[in-house]
Each structure stands twice: as structure tokens, then as C-alpha cells.
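This report concerns only the one structure given below.
The chains referred to below are lettered A, B, ... by the order of the sequence lines, with proteins before strands, and numbering in each begins at 1.
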Amino acid sequence: MDMPVFRLYDTLSRTVKTLVTLEPNHLRFYSCGPTVYSYAHIGNFRTFLEKLIADGHAYETPTGVYFDTTTFARRGALSGNTDADSLRVAVRDVVVDDNKKSPADFALWKKDEKHLMQWYSPWGWGFPGWHIECSVMAMQYLGETIDLHGGGEDLVFPHHECEMAQSESRTGHSFCEHWVHTKFLQFEGEKMSKSKGTFFTARELIDDKGVHPLALRYALMSVPYSKPANFTMDLLRDSTSKIDRYAECVRVVNEALAKGAAGEDAVGEDLDRLYQETLAAMCEDLNTSVALAKALEGTSVIFRETALFSGASASSSQKFLLKINELLGIVPMDEDTTEPGRDDSEIDGLVKERDAAKANKDFARADAIRAELGQRGIELRDTPEGTVWRRKSAEI
RNA sequence: GGCGACGUGCCCAAGUGGUUAAGGGAGAGGCCUGCAAAGCCUUCAUGCAGCGGUUCGAAUCCGCUCGUCGCCUCCA
């Protein structure tokens with residue numbers, strides 16, 4: 001089966017286009033966001049700015065060094081903000097500096113001897129402008145032209161716009177071939193905000209609230225990166241039930257694999273098709289909604305077959321689950337229900353006692369045991385192969 | 001005010017010109033079960049924010065209106 005072409009929306013050309021790398025099998029990808037603490041680049045910043053000034057793209061004033069936006073023909077290409085005057089009537093006041101040639105010119109170096117950040121430069125003590133760091137580091141580590149540049153939608157303007165202006169003015173050629181931006185996540189229909197308590201870290205959700213890590217991943221994937229998503233507790237609960245479904249699917253497949261019943265492979269063809277459709281969805285601008293839907297249809301194909309599961313069918317099913325997990329990372333393949341240091345013999349004993357009660361038709365006793373285990377977060381399932389139990393997912 | 005994105009059933013969400021508008025959740029009915037759980041089956045939008053327009057044909061293209069979200073050049 002041919003590998004589909006990977007296509008991705010490009011903010012600059014405003015189209016979904018194939019991601020073509022400069023070098024085969026080598027992606028030069030810069031993403032803004034993570035704050036990495038490593039060697040400083042002050043020297044590189046200074047060199048970069050000296051070149052821009054020498055080429056007439058930047059100028060010095062008493063307050064700093066500014067980029068001359070009139071020298072960059074492609075200004076506004078990313079964001080559509082081409083009219084500097086319209087920015088002047090912005091809701092938020094633009095700081096007007098009489099020293100600047102144009103209000104649209106942005107800072108490359110700020111002179112400020114009282115600022116927390118202090119470095120020496122040919123223009124005096126101060127600190128570099130925000131945008132310069134990404135331009136310089138991208139060039140240092142990835143080269144003058146990179147394949148892919150990403151970040152949140154809030155960075156399109158001014159940050160990425162300014163980066164592009166600086167880098168292309170510095171090198172004289174294209175800075176980046178493909179721009180991707182993720183939309184923001186809302187929480188329960190509102191802007192995420194620390195002060196409103198609508199802001200969670202992954203760690204808080206997983207460690208404090210007991211959210212299954214895969215459920216969190218599933219929830220975040222349920223809406224493609226290219227659309228604003230509303231993150232809700234309902235969504236997290238839905239996602240948890242999907243992960244539970246996958247876990248059950250894995251259990252059923254493993255059981256059938258162990259039995260290895262004779263028979264034809266009744267599911268391989270359907271599962272191959274669904275996997276291809278899942279992959280195709282991911283390749284078309286990372287359409288995770290469709291990918292998750294197609295993958296989930298695969299679990300239905302598997303569950304439908306379980307009554308007469310052959311070893312061959314189980315094997316195809318396992319392959320499907322492994323490949324889906326490789327692609328989407330949502331299948332709890334080897335869920336370990338036993339926890340180190342926890343003794344499950346009491347639970348096993350109660351389950352045995354209930355089985356005996358059931359055999360004696362003492363259903364009152366059997367139900368009482370089931371209720372008690374339920375209180376302790378244990379869920380029972382009577383299957384043709386006997387009673388299995390599992391720890392229930394945390395209530396969210 | 002400018003720029004950008006978005007509005008599809010009770011909820012999430014796919015679909016971007018052409019047979020019956022994916023998929024999931026919830027709800028309803030059924031199978032299985034001692035009863036459950038899990039799973040399976042059936043059912044669930046003559047309509048895609050509203051109003052116009054283009055077209056043989058539009059959720060999909062164009063215009064306007066309403067609503068939501070993001071950004072607006074010295075926070076990073």
C-alpha cells in the first residue's frame with residue numbers, strides 16, 4: 001500500500017499543501033513555545049543586528065535599534081496586517097515612539113540600563129527584542145531556510161511576521177517554506193485563565209484528578225489542531241470511555257490469541273481498509289477527528305467478530321491495534337492493572353467467593369460482593385471464560 | 001477600527017459543488033446475562049446561525065447581518 005502524501009495547511013499561502021522538505025527524510029522544524037535554557041545567543045544577536053543595520057534594514061535611535069518595515073516588501077504577508085495606520089487605532093494603545101520612522105517598526109534591541117536583563121552591545125547596555133531570538137536560533141541550528149515553522153495562532157502577528165521580516169532581510173531569501181499554527185483551546189466555553197481557575201496542567205489532570213493520560217491525549221486530539229476546541233470535563237469523560245473501550249478490545253484480542261482457535265481471518269481486510277483511512281486522515285492536514293473515528297470503527301469490527309474469534313482474526317486485530325497505537329498513541333496495549341506493592345489476593349478471594357455463591361444460586365450474596373467491590377472501585381464482568389475484574393477509571 | 005479563524009442533531013464532531021449529511025456520546029427499543037457490566041443490533045438532522053445571490057444542482061461558492069474566538073509591532 002502506498003504511503004499517502006502528507007499535506008498540511010500553510011498560513012502563508014493559505015492553502016493545504018504538501019510538506020516538501022529541502023532534504024529528503026530530513027525535516028527542519030522550528031516551533032516557538034518551549035522555553036529552553038541553554039547557551040545564550042547574545043553574540044549571535046549582535047552579529048545579526050550589525051548585518052541588518054549595515055544593509056539598511058535597521059536603524060539606531062536613542063532608545064534602541066528598530067527594524068525598518070518599509071524595507072521589507074512582504075510585510076503583512078502572514079497575518080494580512082499590511083496597513084500600519086489601522087494598527088494605530090487599535091483597542092490597545094500602540095506605544096508611539098517619536099524616534100521611530102514608522103509606528104510599525106519593531107524593536108530589535110532595547111537600550112535600558114535599569115532593566116533586569118543587561119547585556120553589552122555596540123548600542124549600549126540593554127536587551128534584545130523578542131522576535132530576534134527565534135530568527136537567530138533557527139538560523140544557527142537549522143540553516144537560513146527551514147521547512148516548517150510552528151506555534152500558537154497568537155504568534156502569527158506580530159512574532160512570526162517580524163521573524164520572517166528579519167530573517168529574509170538578513171539572508172535575502174525565503175526563511176520558511178511552511179507555516180503551521182494551532183488554534184487555542186477553550187475550557188468549558190471560556191478562555192483559559194489561571195485567575196478564573198480554568199487552567200490546568202497535564203500533570204494536575206493526571207496526578208490530582210486521576211485522568212488517564214491516554215484519555216487526555218484522546219480529548220486533545222478529538223478536534224483537529226486547525227480548529228478552536230472547547231475542552232470540557234464531558235469531553236474528558238467521553239475520551240476516558242474510549243480508552244476503556246480500547247482496553248477491553250485489547251483484552252478480548254489477547255484472550256483469543258491465547259486460545260488460538262482454528263478458522264479463517266474474518267477481519268483483516270476490513271481492518272486494513274480502516275487503517276489506511278485512518279492514516280489518510282492524518283496525512284490530510286492532521287485530521288484527527290476523522291482518524292479517531294476510523295480507528296474506533298476498527299474496534300467495532302473486532303468486537304463484532306469476538307463470538308467466533310479465530311486465532312487468525314485475533315492476530316489481524318492485534319496488528320491493527322498496534323499500528324493504530326503507533327500512529328495515534330491511544331491504545332492501552334499493555335495496561336498493567338496490578339500495582340506494585342498492592343495485594344490483590346483479597347479481591348481475587350472475594351471474586352472466587354462470589355463465583356461460588358453464583359454457582360449455588362445465592363444471588364443475594366453474589367450481588368452483595370459485587371456491590372462491595374464496586375464501592376472499592378472494582379468492576380466485575382462475567383464472561384464465558386469466567387469472571388474478570390478491573391479497576392474502574394477515575395470519576396472526573 | 002483593522003487582520004485572521006469559526007458557527008452542522010440534545011452534546012462533541014466529519015463533510016468545502018452532485019446518489020440516502022461520516023463517526024462518537026446521551027436518549028429510546030432489542031439481543032446476551034440469574035440480574036448487571038462489557039459487547040452487539042435497531043432507532044435518532046427533508047436539514048447545516050439568519051437573509052439574499054450564483055448554479056441544472058450549495059452545508060459546501062459570493063454578499064450582507066448576527067454570534068463566538070484569536071491577534072493588533074518595547075510581556076515572551
Side-chain angles (χ1 to χ4, degrees), chain A residues 11 14 16 32-33 35 63-64 66-67 69 75-76 78-95 97 100 102-112 115 126-131 133-134 152-162 165 181 183-186 189-191 219 222-224 226-232 234-235 237-239 241-242 244-245 247-249 251-252 277 281 287-297 299-300 302-307 358 361-364 366-367 370-371 374 379-384 387-390 392:
Chain A
T11 310
R14 293 173 216 290
V16 177
C32 300
T35 301
T63 58
Y66 294 91
F67 184 85
T69 49
R75 68 180 179 281
L78 250 195
S79 66
N81 286 328
T82 52
D83 180 10
D85 288 337
S86 66
L87 296 175
R88 265 192 266 208
V89 291
V91 177
R92 186 167 123 186
D93 293 332
V94 171
V95 176
D97 182 336
K100 286 161 68 172
S102 156
D105 292 352
F106 54 90
L108 297 170
W109 187 272
K110 283 302 291 177
K111 299 177 186 176
D112 188 343
H115 198 91
F127 57 96
W130 162 37
H131 317 299
E133 59 186 65
C134 291
E153 61 168 330
D154 54 324
L155 297 177
V156 174
F157 186 88
H159 185 51
H160 290 165
E161 196 82 77
C162 294
H181 294 98
K183 297 289 184 230
F184 270 11
L185 214 49
Q186 281 180 271
E190 290 192 43
K191 185 175 177 173
S222 64
V223 180
S226 54
K227 286 201 168 182
N230 186 13
F231 189 84
T232 63
D234 259 353
L235 174 64
R237 274 185 283 269
D238 278 5
S239 303
S241 72
K242 301 293 163 45
D244 287 345
R245 181 181 171 85
E248 174 67 4
C249 197
R251 190 190 68 75
V252 162
E277 288 176 2
N287 193 336
T288 48
S289 297
V290 170
L292 291 175
K294 292 298 176 186
L296 198 66
E297 281 184 55
T299 62
S300 291
I302 294 169
F303 277 126
R304 266 198 290 275
E305 187 63 20
T306 48
K358 270 174 62 188
K361 304 245 187 289
D362 183 359
F363 297 124
D367 290 353
R370 181 168 63 193
E379 187 178 71
L380 296 186
R381 199 166 292 168
D382 294 332
T383 77
T387 305
V388 297
W389 65 268
R390 62 185 283 272
K392 287 187 279 194

Side-chain N or O of Lys294(A) less than 4.0 angstrom from OP1 or OP2 on rA14(B)?
no

Let's test this: given Watson-Crick or G-U wobble pairing with both distances under 3.5 Å, identify the partner of rA37(B).
none

Can you tell me the Watson-Crick or wobble partner of rC71(B), both distances under 3.5 angstrom?
rG2(B)

Nearest-nucleotide wise, let me know which of Leu296(A) and Gln186(A) is further upstream toward the 5' end of RNA chain B.
Leu296(A)

Determine the interatomic distance between C1' on rA22(B) and the same-named atom on rA5(B); round to the nearest Å.
24 Å

Letter per nucleotide, 5' to 3', of nucleotides 32-42 of chain B [B base touched, S only sugar-phosphate touched, - untouched; heavy atoms, 4.0 Å]:
--BBBBSSSS-

For His131(A), the side-chain hydrogen bond (donor to acceptor under 3.5 Å, both in side chains) test, sequence neighbours excluded, returns His159(A)

Of all the nucleotides listed (rC12(B), rG25(B), rU73(B)), which has the minimum atom distance to the side chain of Pro158(A)?
rU73(B)

Tell me the partner of rC48(B), counting only Watson-Crick (N1-N3 plus N6-O4 or O6-N4) or G-U wobble (N1-O2 and O6-N3) with both under 3.5 Å; none if nothing fits.
none

Pairing partner (Watson-Crick or G-U wobble, both distances under 3.5 angstrom) of rC61(B):
rG53(B)

Considering just the side-chain nitrogens and oxygens of Asn287(A), establish if one lies under 4.0 Å of OP1 or OP2 belonging to rG15(B).
yes

Length of the line joining Glu277(A):CD and rA14(B):P, which is rounded to integer Å:
17 Å

Residue list, salt bridge (charged side-chain N to carboxylate O under 4.0 Å, His left out) with Asp367(A), at least two apart or on another chain:
Arg370(A)

For nucleotides 3-8 of chain B, give me one character per nucleotide, 5' to 3': B if any protein heavy atom sits under 4.0 Å from the base, S if the only such contacts are to the sugar-phosphate, - if neither.
SSS-S-

Those residues that, when tested against Ser226(A), pass side chain to side chain contact (heavy atoms under 4.5 Å, CB included) (two or more places apart)
Pro224(A), Asp285(A)

Which base sits across from rC32(B) as a Watson-Crick or G-U pair, both distances under 3.5 Å?
none

Residue list, ring-ring contact (aromatic ring centres under 6.0 Å, His included) with Phe127(A), at least two apart or on another chain:
His115(A)

I'd like to check the side-chain hydrogen bond (donor to acceptor under 3.5 Å, both in side chains) partners of Asp234(A); sequence neighbours left out, ordered by chain and number.
Arg237(A)

How close do His181(A) and Glu153(A) get, heavy atom to heavy atom, and via which atoms?
CB-CA, 4.1 Å

Taking the P atom in each of rG34(B) and rG15(B), what is the distance between them to the nearest angstrom?
45 Å

If you assign Ser222(A) and Gly129(A) each to the RNA chain B nucleotide with the nearest heavy atom, which residue ends up on the more 5' nucleotide?
Ser222(A)

For Glu305(A), all residues meeting salt bridge (charged side-chain N to carboxylate O under 4.0 Å, His left out), sequence neighbours excluded:
none

Contact class for Pro384(A) vs. all strands (heavy atom < 4.0 Å): base, sugar-phosphate, or nothing?
nothing

Partner residues of Arg304(A) under the salt bridge (charged side-chain N to carboxylate O under 4.0 Å, His left out) criterion, sequence neighbours left out:
none

Could you tell me which nucleotide pairs with rC66(B) by Watson-Crick or G-U wobble geometry, both distances under 3.5 Å, or answer none if nothing does?
rG7(B)

Checking N1-N3 plus N6-O4 or O6-N4 for Watson-Crick, or N1-O2 and O6-N3 for wobble, each under 3.5 Å, the partner of rU20(B) is none

Could you work out which one of rC74(B), rG24(B), rG70(B) sits closest to the side chain of Phe106(A)?
rC74(B)

Please determine, for the side chain of Tyr66(A), which listed nucleotide (rC74(B), rA14(B), rG25(B)) has the closest atom?
rC74(B)

What heavy-atom pair brings Thr63(A) and Tyr66(A) nearest, and what distance separates the two atoms?
OG1-OH, 2.8 Å

Which heavy atom of Glu161(A) sits nearest to which heavy atom of Ser79(A), and what is that distance?
OE1-OG, 2.5 Å

